[in-house]
Amino acid sequence: MKKIILSWFAIDSRALGIYRIFIGCVCALDIIRRWNYIDVFYSNKAISIDPSKSSFNIFKYIGNSSIEIHIIFLIGILFSIFLIIGYKSKLSHLIVAIIIIGIHSQVTAVANSGDMFLTSMLVWTLFLPLGKSLSLDALIKSLKDFKELKVEELNNRKKGINRPVQIKSIAYFAVLLQISAIYFLSALNRIGAPSWEKGTAFYDMHQLDTFITSFGYYIRDYINYPISKIFTYSSLYLEYSIPFLLLFPFYKHI
């Protein structure tokens, strides 16, 4: 039990590096996909926008003209790329988080739960050293720390490497708890819902034209009751099991 509890607060720096790359990509794509809608939703030309009502909004302090919003979006994309490659990781992370939170809070009417989750992850992981491994920062640090002036030193594999380390932080536990709570409460919220109890939720979801993709349009004509029942119940079991797999990883100690 002690090993399990300790695992809640410790993570490998390489895992954080992989996470940094993925969340940087997500942030860049999240900003890029909104680019064509800047004047529709985000600038002072937009439909009924009042940034003064937002609890936190960078545009309230910088301005929200069309040119200013475009510049902020460009800065967000640039520092998302810096976050991906791990250059000035902490600073890049902070700037991206501020811009993403500002974009999401600018128009809450078009936001969704995915936006809220991305914001939460950006805030929690701001307290973790994402640039410790698999980053340009780590490479620069290695070049500064290890001065290889001779052929023997260049061939010495023990030098010039920033070895991965275990990062111990309460922020990592907060991330685990956040993800676990989302899955568990989502599953709990489905109790008593007829479509989930009968197993038709998967079928019903594919009738919502607002949400499904082109692939969803293609497969929905082939979804019958048995298929819907299998995927509906599988989703429920998955949502209940993920929190336990995250918080009680017995498989790590087998």
Side-chain angles (χ1 to χ4, degrees), residues 11 15-38 40-42 46 49 51 53-62 64 69-131 134-135 167 169-187 189 205 210-213 235 238-239 242-243 246-247:
I11 185 171
L16 291 179
I18 294 170
Y19 164 84
R20 188 200 70 250
I21 294 169
F22 276 105
I23 200 168
C25 291
V26 169
C27 290
L29 291 172
D30 188 51
I31 298 172
I32 291 169
R33 74 186 179 91
R34 301 170 193 266
W35 183 269
N36 292 331
Y37 303 99
I38 288 176
V40 179
F41 292 117
Y42 301 98
I49 298 300
K53 292 181 179 179
S54 301
S55 55
F56 175 83
N57 194 324
I58 188 176
F59 305 118
K60 183 165 59 176
Y61 306 101
I62 294 179
N64 65 334
I69 299 289
H70 277 83
I71 291 173
I72 293 298
F73 271 53
L74 279 173
I75 293 172
I77 295 168
L78 176 63
F79 278 92
S80 294
I81 294 171
F82 286 166
L83 186 60
I84 294 168
I85 64 176
Y87 178 68
K88 300 291 182 183
S89 302
K90 188 64 70 178
L91 177 63
S92 299
H93 190 166
L94 178 62
I95 292 173
V96 170
I98 291 172
I99 292 174
I100 288 286
I101 293 170
I103 290 172
H104 290 173
S105 61
Q106 178 81 336
V107 194
T108 54
V110 297
N112 56 50
S113 55
D115 295 336
M116 295 176 66
F117 178 66
L118 176 57
T119 298
S120 298
M121 290 297 100
L122 283 170
V123 172
W124 285 127
T125 54
L126 194 57
F127 301 99
L128 292 168
L130 303 187
L134 308 178
S135 66
I167 305 297
S169 173
I170 195 171
Y172 176 60
F173 176 69
V175 170
L176 291 180
L177 200 60
Q178 179 82 67
I179 298 172
S180 300
I182 288 172
Y183 277 101
F184 183 75
L185 294 175
S186 293
N189 188 52
M205 179 191 70
T210 309
F211 299 104
I212 65 171
T213 62
S235 298
L238 187 64
E239 287 181 337
I242 282 179
L246 288 174
L247 296 175

Q. In this structure, are over 12 heavy atoms from other groups packed under 6.0 Å from Phe73 atom CZ?
A. yes
Q.
Using side-chain heavy atoms (C-beta onward) and a distance below 4.5 Å, is Asp30 in contact with Asp115?
A. yes
Q. Between Phe22 and Tyr19, does the ring centre distance come in under 6.0 Å?
A. no
Q) What is the ring orientation for Phe82 with Phe79, classed by angle as parallel under 30°, tilted 30 to 60°, or perpendicular over 60°? A) perpendicular
**Q.** Nearest-0.5 Å distance, OG of residue Ser80 to CD1 of residue Ile75
**A.** 11.5 Å
**Q.** Check: Tyr87 main-chain N/O paired with Ser92 side-chain donor or acceptor under 3.5 Å
**A.** yes
**Q.** OG-CG distance between Ser180 and Leu185, expressed to the nearest 0.5 angstrom
**A.** 10.0 Å
Q: Determine whether more than 12 heavy atoms belonging to other residues, nucleotides or ligands lie under 6.0 Å from atom NZ of Lys90.
A: yes
Q) So do Ile95 and Leu83 actually touch side chain to side chain, heavy atoms under 4.5 Å? A) no
Q. So do the side chains of Ile101 and Leu122 get within less than 4.5 Å of each other, counting heavy atoms only?
A. no
Q.
To the nearest 0.5 Å, what is the distance between CG on Asn189 and CD on Glu239?
A. 9.5 Å
Q.
I need the minimum non-hydrogen distance between Ala171 and Trp124, along with the two atoms involved.
A. CB-O, 3.6 Å
**Q.** From CZ (Arg20) to OG (Ser89), nearest 0.5 Å
**A.** 5.0 Å
Q) Are any non-hydrogen side-chain atoms of Leu118 and His104 less than 4.5 angstrom apart? A) yes
Q.
Working to the nearest 0.5 angstrom, can you tell me the gap between Ile100 CD1 and Ile31 CD1?
A. 4.0 Å
(Q) Quick one, Ile72 and Ile103 - any side-chain contact, counting heavy atoms below 4.5 Å? (A) no
**Q.** side chain to side chain contact (heavy atoms under 4.5 Å, CB included), paired with Tyr183, selected from Leu246, Ile242, Leu238
**A.** Ile242
(Q) Rounded to the nearest 0.5 Å, what separates atom CG in Leu128 from atom CD1 in Ile167? (A) 8.0 Å
Q: Mark yes or no for whether Arg34, through its side chain, and Phe41, through its backbone, hold a donor-acceptor pair below 3.5 Å.
A: no
Q: Kindly check if the number of other-residue, nucleotide or ligand heavy atoms within 6.0 Å of CZ (Phe173) is above 12?
A: yes
